[in-house]
Visitor: 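Take this structure, written in C-alpha cells, and hold onto it; I'll ask about it next.
Residues: numbered from 1 along the sequence shown. These numbers come from the heavy atoms of this one structure, side chains and all, not from hydrogens, waters or symmetry mates. Just so it is clear, the structure is predicted and the values come from calculations on it, not from any experiment.
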Amino acid sequence: MAGKGAAPGTAVLLVTANVGSLFDDPENLQKNWLREFYQVVHTHKPHFMALHCQEFGGKNYEASMSHVDKFVKELLSSDAMKEYNRARVYLDENFKSQEHFTALGSFYFLHESLKNIYQFDFKAKKYKKVTGKEIYSDTLESTPMLEKEKFPQDYFPECKWSRKGFVRTRWCVADCAFDLVNIHLFHDASNLVAWETSPSVYSGIRHKALGYVLDRIIDQRFENVSYFVFGDFNFRLDSKSVVETLCTKATMQTVRAADTNEVVKLIFRESDNDRKVMLQLEKKLFDYFNQEVFRDNNGTALLEFDKELSVFKDRLYELDISFPPSYPYSEDAGQGRRYMNTRCPAWCDRVLMSPSARELILKRTDPGEPAWCPALDIALLSLPDLLLTLWSWLCAVARLPVLNTCGVLGARPQREQGPRGQRRDKCGLQGKHPR
C-alpha cells in the first residue's frame, strides 16, 4: 500500500512458527505445512523473507534427522522457491549438548531481483555480501554470522535444562540495517501452578529471560540498530484472572491425591443449571465447556488478560492483534479449528519490534494513510503451532497487512557523526560501507 504513483519498496516478510509436531507425522503434517507456506510466499511475493522455527526437529531430534534433512532440502529446491537464489539456513542440531541445544531453526531467503544484500559478521565486525545458498548446523556457537545463546541454567524452572534460547542475525537490505532474533521462551509446566498467583510464577521466569535477550542485543559490543524479535514467547493469559472471569458464578471443587494430599484437579460448576461443569483444571488439562469464547471476534475479549508484554512497554512493541489465540490448536487434521484441552488458549507466537522499528512502520504522512518510502515493506506473520489444512483460514485472520516503513529501517542518517569523530554509514556500522 505505497503512496500514489510510488514504486513499491523491498518487500520483507517475517514469519514465526513452532514446528515441533511436523516431524512427528512428516508424511501428512509436513506436506500440508509446506504447501500452505508456499502459498503464503506466492501471496506476499517478498524480496527478503525470514522464517523462524522453534522445536525444529520435533521432540526427538536424533530420530528425526532424516526428516529434518528432507524438510530443508525441499525448502531450498522446490519450484515455489526457485526465484530465491540466495539463502542462509541455521539449524541447531547439537542435540547431545544440554548446555547448548535450543532446537531453533532460522531460514533466510533472498529473491533474485534483490541486489547488494549483506549480512553482519559478529566476529569480524563487518558486513559480508550474501551469495549462494549455505546451511550451517551442529555447533552454531562457532558460526560468526550469528549470535546464539541458551539461557543460563538458573533461568530454567527448577534448573532443569530444556530447549530454550535465542539466535540473532543482522542484515543490511536496501541500505537498511536491522537485527532479526529467533526466540523460544519457557512454557507453563502446570496449569494448577499458573492459576495460583497473578501474575504466575512462569510469567516472571519469561520476563527475566526476555530481559536478558534485550540487554544482550542492545549492549555496547556492536552498533545499535532496529530489531525484530519473533518466535514462540510462550506468553500466556493471566490464568487466575481468566478463570475468575470465565467462572464468575461457579463453585470450585478441589480434588487431592490420596497419598500426598496434593491438589491434582479443580472442577468449576455452575451454581445452578444442574451444577453443570464449566471448567476442569489439572496440571496438563484446561477443559472449558465453550471454546467459542476464544474464537469469537478473534478472542479480543480476552486481550485484557494478555499482560506479559506490558512489562516491556517501553522496549518492545507489536501491531494490533487481529487473530485468535495461536496456541494450542488441535493436532487432529479433522479438528483443525479446535483447541486442544491441554492449556488455556493464548497468543504464544508473536512478532515484536524495537521502538525505532515501530516508529518507522507506523508513521503516517496523512491521517489514516501509510507513508511511502522506497526502503522496505514489512509483513508480519505469526502462525500457530500446527497449520494443517487450516492454515489458509488462519492466515486470513493472523496476517497483518503489508505496511511501508517511513525512513530507513534500523539506520541512522547517512554520514552521521559517531563517537570520537568517527563516521557511521547507512547500515549503522562504523567504518566502510559494506558495498
Side-chain angles (χ1 to χ4, degrees), residues 13-46 49-93 95 103-111 133 135 137 163 182 184 230-232 323-340 342 348-349 379-399:
L13 179 64
L14 308 180
V15 183
T16 179
N18 186 312
V19 296
S21 295
L22 297 187
F23 300 92
D24 295 337
D25 183 10
E27 288 303 312
N28 294 305
L29 300 184
Q30 200 171 110
K31 287 182 179 179
N32 290 336
W33 196 98
L34 287 168
R35 183 185 66 246
E36 298 297 340
F37 177 77
Y38 297 147
Q39 182 59 46
V40 169
V41 175
H42 176 75
T43 299
H44 286 277
K45 295 179 173 59
M49 175 170 51
L51 169 62
H52 283 179
C53 298
Q54 304 81 44
E55 295 191 17
F56 195 80
K59 297 179 178 64
N60 188 338
Y61 200 103
E62 187 170 14
S64 300
M65 287 292 288
S66 61
H67 302 318
V68 167
D69 293 342
K70 184 177 179 181
F71 181 89
V72 174
K73 182 178 180 181
E74 164 66 23
L75 265 180
L76 293 179
S77 62
S78 69
D79 286 342
M81 304 294 287
K82 64 183 179 182
E83 295 182 0
Y84 296 87
N85 62 350
R86 289 152 293 170
R88 291 295 182 269
V89 178
Y90 301 103
L91 306 176
D92 187 358
E93 294 185 337
F95 57 86
L104 293 174
S106 302
F107 298 76
Y108 304 97
F109 301 95
L110 287 69
H111 194 270
K133 297 180 181 181
I135 302 173
S137 60
R163 302 173 295 180
N182 188 355
H184 195 184
F230 51 112
D232 184 354
F323 52 92
S326 62
Y327 169 87
Y329 276 96
S330 173
E331 297 180 10
D332 183 345
Q335 298 288 327
R337 288 178 179 254
R338 291 191 59 80
Y339 292 105
M340 292 189 290
T342 53
C348 293
D349 310 282
L380 314 177
L381 185 58
S382 178
L383 302 175
D385 290 0
L386 283 173
L387 305 178
L388 309 176
T389 56
L390 183 64
W391 198 10
S392 297
W393 174 79
L394 289 170
C395 286
V397 295
R399 178 173 49 80

Visitor: Looking only at atom types and distance, does a side-chain atom of Tyr38 sit under 3.5 Å from a main-chain N or O of Trp33, one as donor and one as acceptor?
Guide: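 Not at all, since once roles are kept as given, no pair shorter than 3.5 Å links the two residues.
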
Visitor: Can you name the nearest heavy-atom pair linking Ala103 to Arg163, along with the distance?
Guide: CB-CD, 3.8 Å

Visitor: About how many Å separate NE2 of His111 and CE of Met81, when rounded to the nearest 0.5 Å?
Guide: 10.0 Å

Visitor: Would you say the side chain of Leu13 lies within less than 4.5 Å of the side chain of Val40, judging by non-hydrogen atoms?
Guide: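 Val40 vs Leu13: side chains touch.
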
Visitor: Run the salt-bridge test on Glu27 and Lys31 with the 4.0 Å N-O cut-off and return the result as yes or no.
Guide: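 Looking at Glu27 and Lys31, the cut-off is met.
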
Visitor: Does Phe109 have any ring pair (Phe, Tyr, Trp, His ring centres under 6.0 Å) partners at least two apart in sequence or in another chain, and if so, which?
Guide: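 By the ring pair (Phe, Tyr, Trp, His ring centres under 6.0 Å) rule, Phe109 matches no residue at all.
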
Visitor: For a quick test of reading the model, state the closest non-hydrogen atom pair linking Cys348 to Ser326 and the distance between them.
Guide: N-OG, 3.4 Å

Visitor: Could I get the full list of side-chain hydrogen bond (donor to acceptor under 3.5 Å, both in side chains) partners for His67, not counting sequence neighbours?
Guide: none

Visitor: Taking C-beta and beyond as the side chain, do Tyr329 and Ser21 meet within less than 4.5 Å on heavy atoms?
Guide: no

Visitor: For ring pair (Phe, Tyr, Trp, His ring centres under 6.0 Å), just list the numbers for Phe37 and Phe107, CA-CA rounded to whole Å, side-chain angles, deciding distance to a tenth of an Å, and then say yes or no.
Guide: CA-CA 13 Å; Phe37 177 77; Phe107 298 76; 8.6 Å; no

Visitor: With a 3.5 Å distance limit and no angle check, can you tell me whether Asn182 reaches the backbone of Gly105 through a side-chain donor-acceptor pair?
Guide: yes

Visitor: Which residues satisfy the side chain to side chain contact (heavy atoms under 4.5 Å, CB included) test with Ser137, sequence neighbours excluded?
Guide: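 By the side chain to side chain contact (heavy atoms under 4.5 Å, CB included) rule, Ser137 matches Leu91, Glu93.
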
Visitor: Keeping Arg88 on the side-chain end and Ile135 on the backbone end, is there a donor-acceptor pair under 3.5 Å?
Guide: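 It does not hold such a pair.
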
Visitor: Using side chain to side chain contact (heavy atoms under 4.5 Å, CB included) as the criterion, list what pairs up with Asn60, not counting sequence neighbours.
Guide: Glu62, Ala63

Visitor: To the nearest 0.5 Å, what is the distance between CG on Leu110 and CD on Glu83?
Guide: 13.5 Å

Visitor: Would you please indicate yes or no on a ring centroid separation below 6.0 angstrom for Phe23 and Phe71?
Guide: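 Phe71 vs Phe23: aromatic centres under 6.0 Å.
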
Visitor: Got a second to check how far Asp25's CG is from Asn32's CG, nearest 0.5 Å?
Guide: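 Answer rounded to 0.5 Å: 9.0 Å.
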
Visitor: If every non-hydrogen atom of Leu29 is compared with every non-hydrogen atom of Leu22, which pair is closest and at what distance?
Guide: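 Heavy atoms of Leu29 and Leu22 come nearest at O-CD2, 3.8 Å.
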
Visitor: With sequence neighbours left out, write down each residue that passes side-chain hydrogen bond (donor to acceptor under 3.5 Å, both in side chains) with Lys73, or none if nothing qualifies.
Guide: none

Visitor: To the nearest 0.5 Å, what is the distance between OG on Ser330 and CE on Met340?
Guide: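 Output value for this atom pair is 7.0 Å.
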
Visitor: Shortest non-hydrogen contact from Pro328 to Thr342?
Guide: CG-OG1, 3.9 Å

Visitor: What distance separates Asp69 CG from Ser64 OG, expressed to the nearest 0.5 Å?
Guide: 10.5 Å

Visitor: Quiz question: by atom type and distance under 3.5 Å, do the side chains of Thr16 and Gln54 form a donor-acceptor pair?
Guide: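 Judged by distance alone, the side chains do pair up.
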
Visitor: Just to verify, what does Tyr108 make a ring pair (Phe, Tyr, Trp, His ring centres under 6.0 Å) with, not counting sequence neighbours?
Guide: His52, Trp171

Visitor: Identify the heavy atoms of Phe56 and Leu104 that sit nearest to each other, and give their distance.
Guide: CB-C, 4.4 Å

Visitor: Short question: side chain of Lys133, backbone of Leu76 - any donor-acceptor pair under 3.5 Å?
Guide: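 Such a contact is found between Lys133 side chain and Leu76 backbone.
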
Visitor: Determine whether Ser78 and Tyr84 make a side-chain contact, defined as any pair of heavy atoms from C-beta on separated by less than 4.5 Å.
Guide: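 Answer no - side chains too far apart.
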
Visitor: Can you name the closest pair of heavy atoms from Lys59 and Asp24 and give their distance?
Guide: NZ-OD2, 3.5 Å

Visitor: Side chains of Val19 and Glu55: does their closest heavy-atom pair fall under 4.5 Å?
Guide: no

